[in-house]
Amino acid sequence: MAKSASPKKNNVKSKKAASSQLIPNRERPDEPERYSADKETLLAFYREMLLIRRFEEKAGQLYGLGLIGGFCHLYIGQEAVVVGLQSAIEPGKDSVITGYRDHGHMLACGIDPNIVMAELTGREAGISRGKGGSMHMFSVEHGFYGGHGIVGAQVSLGAGLAFGHKYKEDGGICLSYFGDGASNQGQVYESFNMAELWKLPVIFVIENNQYAMGTSVNRASSEDQLYKRGDSFRIPGIQVDGMDVLAVRGAAEVAVDWVRSGKGPILLEMKTYRYRGHSMSDPARYRSRDEVQEVRDKSDPIERAKGELLEMGMKEDELKAIDKEIRKIVSDSADFAETSPEPDAKELYTDILVEQY
Amino acid sequence: MAIDLKMPALSPTMEEGTLARWLVKEGDEVSSGDIIAEIETDKATMEFETIEEGTIGSLLVAEGSDNVKVGTVIATLIGEDEDATSSSEAGENSGVVDTETPAEVVTISNDIAPPVIVRADDPSVPEGTIMNNMTVRDALRDAMAEEMRKDERVFVMGEEVAEYQGAYKVTQGLLAEFGDKRVIDTPITEYGFAGIGTGAAMGGLKPVIEFMTFNFAMQAIDHVINSAAKTNYMSGGQMRCPIVFRGPNGAASRVGAQHSQNYAPWYASVPGLIVISPYDSADAKGLLKAAIQSEDPVVFLENEMLYGRSFDVPDLADHILPIGKARIVREGNDITIVSYSIGVGLSLEAADMLAEEGIDAEVIDLRTIRPLDKETVLQSLAKTNNLVVAEEGWHICSVGSEIISICMEEGFDNLDSPVTRVTNENVPMPYAANLEKLALINADKIATTCRDILGL
């Protein structure tokens with residue numbers, strides 16, 4: 001998705017949490033403001049979030065039908081995070097990397113839903129020719145570097161991608177997404193240290209969906225205000241309402257400006273929530289149904305955007321038509337993914353190495 | 001037509017489950033995300049959500065039904081634009097998942113087996129080429145410097161590689177020539193900088209990551225294996241990771257158990273990696289250059305005890321050797337000693353001792369551990385009919401174990417005696433000088449084993 005042309009700021013300040021942590025003599029990024037989107041831009045965000053939601057619902061359904069195997073981690077509830085952030089970077093110039101909950105990131109990078117779904121069903125037409133699966137998908141063409149199954153690995157790898165941007169002097173930055181669970185991994189802090197030492201152009205995005213599999217943030221993190229996790233490395237942190245796509249976009253602008261201007265890394269803590277279990281086989285007994293329902297009712301990012309669009313004069317019918325259109329895209333991707341052939345048996349031994357020795 | 005709601009698979013292994021409870025009744029309106037039933041799997045009770053909007057038509061499976069097969073239609077949903085009276089015709093239990101997935105068993109026939117590669121020999125060194133006597137350390141340094149001059153994407157990163165000039169002085173002089181953009185000191189954080197290097201390789205650079213020793217690379221082995229080795233395969237060949245992880249491997253001297261270990265067998269077991277472990281200066285230089293030029297991730301295992309030893313290196317503009325090719329370093333007819341790294345020197349010593357007794361031993365330096373040049377090993381076995389593997393490391397699940405398998409599987413008819421391993425003792429490396437000496441492989445042990453095998 002292209003960066004919106006003229007960002008208009010309004011006076012609605014987002015949460016002040018970060019500003020109270022001002023440390024003297026250290027430059028801090030500006031306090032982000034909620035992005036003031038015109039109807040067209042917000043509609044684009046809405047579409048994108050809806051595509052992710054419907055795609056993930058369909059993936060869950062295909063999993064239930066046995067068409068998708070293994071682990072399948074759905075992004076439902078967190079859509080505003082990736083849509084808001086991806087809208088602020090430059091496709092073709094910047095790079096993106098995340099963990100195994102990656103379907104939404106791929107769609108937000110503009111990757112064809114058909115080949116993502118076909119990878120989920122393990123087919124030849126899948127983006128990894130069926131050899132990666134849900135957790136291991138990549139598109140170098142779209143600057144999407146995975147899709148990594150080891151919790152926290154994408155933080156070091158993302159710092160490495162940022163190192164590459166700086167080394168090549170190509171002006172690019174890296175967005176490295178990880179969860180509240182990964183934020184306790186040792187390599188995250190090793191990478192923070194080097195990223196700040198070397199002023200690497202990387203935005204570390206903690207998608208704090210409150211649960212690392214079944215363990216809540218409070219039970220796993222001695223400092224549960226995760227935006228402060230960069231403090232001892234002098235990496236500024238900002239806490240953001242990750243259920244509000246415009247708040248996310250506003251914070252993304254501040255972060256992108258900071259990082260692109262050579263000031264080094266920045267940390268964004270996105271407070272978000274996943275509606276589904278950790279993976280398809282998680283009964284989610286560690287939280288109540290009421291808790292999930294409350295978030296859905298009060299904070300759903302798509303409903304929020306929808307409400308604002310209606311206020312801006314969009315008609316219910318128009319939104320309904322969009323929903324229908326997106327259902328069609330998703331349903332087509334499922335058909336494509338179901339009917340595409342499995343990889344040829346010859347693929348077993350391809351792509352292990354690039355060269356022959 | 002109504003939408004069939006089927007019994008879902010809710011875990012990677014679920015085939016059937018219990019429909020514990022309906023949370024909706026016929027005629028209820030539902031929208032996407034509503035939980036309509038609770039289903040018990042072998043592991044847990046899960047909630048079943050609808051992803052469609054509409055009205056529940058009929059509930060086809062009663063609450064409390066056990067052994068409901070995945071894929072059975074359990075309810076129908078009437079879409080909001082449809083007439084609620086046009087009920088589903090798909091009410092019968094299909095009982096089978098209709099995935100349209102070809103279910104035939106895939107057998108690995110010869111046409112999909114890995115291609116047999118005919119490996120190139122070392123390029124011949126032209127007549128009259130000057131030979132420079134240089135240490136392994138300098139040969140490695142020259143290899144990096146030459147590749148850095150040729151390719152801007154190549155950089156060196158690791159602990160003490162720049163200002164300190166290398167913990168073992170392998171990177172001496174590189175900072176002065178290439179500057180701190182391309183010769184980069186890191187904090188002592190192997191996991192982190194191995195990951196940063198791997199990410200940089202994914203992003204199009206060609207990193208040479210130095211581990212002060214491979215003992216410390218255990219902190220980083222996740223990136224070597226999970227991130228670097230598997231990426232090309234997992235991405236269907238679109239994302240490469242051309243990186244070299246290098247540093248000293250194996251026992252040094254009097255540094256005890258945590259600093260004395262041979263990791264060649266560990267890395268050599270991983271598809272997607274190249275593993276090289278040279279012995280002399282010419283191979284160290286020629287193979288490190290090949291490793292840096294390679295588009296694949298390479299683990300390059302050096303040896304601290306060899307850094308200071310000098311060997312001839314041909315004075316060529318671009319001395320580069322083929323990866324995956326073993327070298328016969330001494331020809332013989334009576335018995336073959338297969339080795340790599342520091343074991344090659346010990347094997348040559350043993351061969352000298354045996355020669356004095358009239359035993360003509362052939363010594364093979366594997367040089368590359370993965371892919372392993374089994375053809376050279378098997379050809380030698382066919383000639384000598386007796387084979388010993390000499391390896392500075394433990395014998396269990398060793399490179400020697402692999403050589404034995406190859407000889408059993410593909411050279412059985414050529415064996416006059418059991419293939420035998422000569423290795424370190426099966427203990428953590430002790431510190432005391434006498435115990436360390438006892439624990440390590442040496443030329444005497446190799447020679448003795450050869451005599452035993454030949455019944456001499």
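Both the backbone and the side chain of A:Leu353 come within contact range of chain B, each with at least one heavy atom under 4.5 Å from a heavy atom of that chain. If you measure heavy-atom distances from A:Gln61 to chain B, the contacts under 4.5 Å come from the side chain alone. Using a 4.5 Å cut-off between heavy atoms, A:Ile127 contacts chain B through both its backbone and its side chain. Within the 4.5 angstrom heavy-atom criterion, only side-chain atoms of A:Met194, from C-beta onward, approach chain B.
The existence of a salt bridge linking A:Asp351 and A:Arg129 is confirmed by a sub-4.0 Å separation between a basic side-chain nitrogen and an acidic carboxylate oxygen. Ion pairing between a basic and an acidic side chain is recognised when a charged N comes within 4.0 Å of a carboxylate O; B:Lys325 and B:Asp122 show no such pairing. Taking 4.0 Å as the cut-off between side-chain N and carboxylate O, A:Asp344 and A:Lys346 do not count as a salt-bridged pair.
Using bins of under 30°, 30° to 60° and over 60° for the plane-to-plane angle, the ring pair A:Phe178/A:Phe204 lands in the perpendicular bin. Ring geometry, A:Phe71 versus A:His73: the interplanar angle falls from 30° to 60°, so the pair is classed tilted.
Looking at A:Thr350 and A:Lys131, their side chains do bring a donor and an acceptor atom within 3.5 Å of each other. A donor-acceptor pair shorter than 3.5 Å cannot be found between the side chains of A:Gln154 and A:Ser176. Side chains of A:Tyr275 and A:Asp300: a donor on one and an acceptor on the other come within 3.5 Å. Side-chain atoms of A:Tyr357 and B:Ser294 form a donor-acceptor pair, as typed in the model, at a separation below 3.5 Å.
B:Arg370 places a side-chain N or O within 3.5 Å of a backbone atom of B:Ala268 that can act as its donor or acceptor partner.
Within residues 49-60 of chain A, the residues having any heavy atom less than 4.5 Å from a heavy atom of chain B are, in residue-number order, A:Arg54, A:Glu57, A:Lys58. Taking 4.5 Å as the heavy-atom cut-off, the residues of residues 222-230 of chain B that approach chain A are B:Asp222, B:His223, B:Asn226, B:Ser227, ordered by number. Within residues 161-171 of chain A, the residues having any heavy atom under 4.5 Å from a heavy atom of chain B are, by residue number, A:Leu161, A:Phe163, A:Gly164, A:Tyr167, A:Lys168, A:Glu169.
Contact detail for B:Gly192 and A:Ser191: the closest heavy-atom pair is CA-OG, 4.4 Å. For the pair A:Pro343 and A:Gly130, the tightest heavy-atom approach, listed with the atom from each and the gap, is CG-CA, 4.4 Å.
With B:Val244 as the partner, the side chain to side chain contact (heavy atoms under 4.5 Å, CB included) test is satisfied by one option alone out of B:Ile292, B:Asp296, B:Val156, B:Ile209: B:Ile292.
Looking at residues two or more places apart in sequence or on another chain, you find a side chain to side chain contact (heavy atoms under 4.5 Å, CB included) between A:Gln293 and A:Arg296, A:Asp297.
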Show, in sequence, the C-alpha distance, side-chain angles and deciding distance for A:Phe138 and A:His148, and conclude whether the ring-ring contact (aromatic ring centres under 6.0 Å, His included) test is met. CA-CA 9 Å; A:Phe138 312 83; A:His148 293 269; 5.6 Å; yes
